[in-house]
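Shown next, in structure tokens, is the structure this report addresses.
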Amino acid sequence: MDITELTVHELQEKLKSKEITITQITKSYIDRINEKETDVQAFVTTLTDEAMEQAKEIQNKLEEGEIKGEFAGIPIGIKDNMCTKGVKTTCSSKMLENFVAPYSATVIEKLDKENIINLGKLNMDEFAMGGSTEYSYFKKTKNPWNLNKVPGGSSGGSAAAVAANLVPWALGSDTGGSIRQPASFCGVVGLKPTYGLVSRYGLVAFASSLDQIGPITKDVRDCAMLLNLIVGHDEKDTTSVERPKVDYTKSLKNDIKGLKIGVPKEFFTEGINEEVKDALEKSIEKYKELGAEIEEFSLDIAKYSLATYYIIGCAEASSNLGRFDGIRYTYRTPEFKSLKELYKKSRSEGFGDEVKRRIILGTYVLSSGYYDAYYKKAQQVRTLVMNEFNKGFEKYDIILTPTSPTVAFDIGSKTNNPLEMYLADICTVSVNIAGLPGISIPCGVDKEGMPIGMQLIGNKFCEETILNAAYTFEQAIKFRENYKPEFKK
Ligand code: GLN
């Protein structure tokens with residue numbers, strides 16, 4: 001048995017029946033990282049020694065009966081934009097290359113309480129801006145299905161690490177698709193929760209009205225379990241909401257009879273790859289077989305989502321990233337003659353091109369002369385997008401789309417064309433604009449064997465509905481049993 005092939009719920013069963021121990025689990029992952037990380041390059045920081053120490057400690061405490069807990073000793077990987085006390089949090093940027101967080105994000109504290117073991121910090125596009133993880137200052141993560149392809153982004157390290165069995169599950173963050181799109185490129189499950197469900201405290205902010213933390217896992221059950229662990233009201237995040245506690249695993253019923261699914265036709269036209277379209281059409285047929293009622297409808301406003309997203313996202317980013325000034329906790333230029341020059345040189349040298357592009361764009365759309373034409377207009381369109389979705393959810397329980405118009409693309413093929421890179425987000429951004437939950441699950445592969453993702457969008461706080469629909473589909477097609485990453489070179 002290869003321990004690293006197992007899902008977290010399978011690990012839990014084997015721990016319960018005493019077939020394996022916690023130290024064995026951690027050891028297996030460390031061996032796997034040593035074997036595959038040179039190919040995949042998913043980590044910015046590995047914590048393997050620390051993890052082994054922790055595993056031994058937890059094992060002892062469990063044996064002594066000092067601690068209990070079904071997640072004690074389960075490893076995880078964390079996207080490198082979530083603060084982890086005493087460990088570097090770089091956002092894959094030169095700006096934060098040496099930043100050691102003095103506190104942990106709320107989600108990390110929640111995992112710590114369960115005695116979950118952090119195997120390391122995972123690579124990403126710098127400050128989560130990008131769709132391929134190629135904008136990391138440190139390294140380019142490879143797609144485990146084909147090492148010449150990108151893993152998607154910005155949570156590419158998280159998705160690749162889960163797909164390559166370097167971690168059993170991971171946390172990512174999603175501002176415009178950064179959990180779902182890499183999950184789709186790497187053939188794993190990724191969920192962006194409803195805005196406000198998971199605390200953003202300690203997540204380095206990109207665009208605060210869009211950012212959410214969420215799980216990237218091997219299957220839907222693990223996704224529901226990790227969601228259980230991270231949700232909850234947090235007074236340190238004023239946008240976090242108070243909700244009655246639910247156990248998301250209870251929603252996995254493997255039955256969707258009568259579920260009403262709306263399919264927006266605009267997501268199946270321009271720019272969508274034929275093989276992706278075919279796979280989605282087959283998936284729709286599968287849902288019909290499973291008892292769902294499917295109807296096509298129009299979500300016309302979606303065509304404005306991308307422009308709206310990039311205006312709002314850049315505006316918020318330009319404001320959020322103002323704090324990186326070369327004075328506090330960041331990179332500082334070695335030579336400067338005045339305060340102004342210190343700011344200027346530190347920011348010029350510390351930020352990469354994509355981040356600078358967004359700061360400039362964001363500053364422009366917020367400037368007094370252009371505010372009405374761009375930022376204000378984008379906020380108005382945002383309301384229209386929300387209204388359209390609301391109308392959709394009057395008729396449907398779920399809205400089904402591709403996660404991305406294509407499968408994973410070749411490394412280097414879009415880095416010179418930012419606009420083309422932005423187009424990779426066309427299917428995911430409207431979900432963030434409307435603050436809705438969305439999950440991506442694998443639904444097939446193309447001729448080259450690259451995974452294709454399907455996105456299920458739910459109404460606000462209807463995570464249970466999309467999780468059950470995803471689970472039922474997963475049980476029917478058994479993707480993980482049929483396809484595995486091959487590390488093609
Ligand atoms: N790819 C999108 C962007 O570049 C989404 C990023 C994200 O969700 N963090 O903005």
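One-based numbering, in listed order, for ligands and for the atoms of each.
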Ligand 1-proximal atoms of Ala128, by part, heavy-atom distance under 4.0 Å: both
Cation over ring face, Lys94 and Tyr331, 6.0 Å, 45°: yes
N or O pair under 3.5 Å between Thr175 and ligand 1: yes
Residue pair Asp80, Asn123: steps toward the side-chain hydrogen bond (donor to acceptor under 3.5 Å, both in side chains) verdict: CA-CA 6 Å; Asp80 208 16; Asn123 199 24; over 6 Å; no
Ligand 1 versus Arg180: contacting region, heavy-atom distance under 4.0 Å: neither
Backbone or side-chain N or O of Gly130 under 3.5 Å from ligand 1 N or O: yes
Enumerated ligand 1 atoms positioned under 4.0 Å from heavy atoms of Gly176: 5 (C), 7 (C), 8 (O)
Region of Phe206 that comes within reach of ligand 1 [heavy atoms, distance under 4.0 Å]: side chain
Lys/Arg cation over aromatic Phe324: Arg347, 6.0 Å, 45° cone: no
Close approach of Gly313 to ligand 1, heavy atoms, under 4.0 angstrom: no
Lys447/Glu274 ion pair, N-O < 4.0 Å: no
Pair Asp234-Ser199, side-chain donor/acceptor within less than 3.5 Å: yes
Those atoms of ligand 1 less than 4.0 Å from some heavy atom in Asp174: 8 (O)
Distance filter under 4.0 Å to Ser154 heavy atoms, resulting ligand 1 atoms: 9 (N)
Straight-line distance of Met124 CE to Ser136 OG, nearest 0.5 Å: 8.5 Å
From CA spacing to verdict: side-chain contact (heavy atoms from CB on, under 4.5 Å), Ile452, Leu280: CA-CA 9 Å; Ile452 297 170; Leu280 264 291; 4.2 Å; yes
Region of Asp425 engaging ligand 1 - heavy atom pairs below 4.0 Å: side chain
Heteroatom proximity flag, Tyr309 to ligand 1, N/O under 3.5 Å: yes
Contact atoms of ligand 1, heavy-atom distance to Tyr310 under 4.0 Å: 2 (C), 3 (C), 4 (O), 10 (O)
Charged tip of Lys88 within 45° of Phe99 ring normal and under 6.0 Å: no
Closest protein heavy atom to atom 6 (C) of ligand 1, given as residue, atom name and distance to 0.1 Å: Ser178 OG, 2.8 Å
Heavy atoms from other residues, nucleotides or ligands near NZ of Lys282 exceed 12 (cutoff 6.0 Å): no
Ligand 1 contact by Arg358, heavy-atom criterion under 4.0 angstrom: yes
Aromatic Phe409 / basic Lys414 pairing, under 6.0 angstrom, 45° off normal: yes
Heavy atom of Tyr422, distance to ligand 1 below 4.0 Å: no
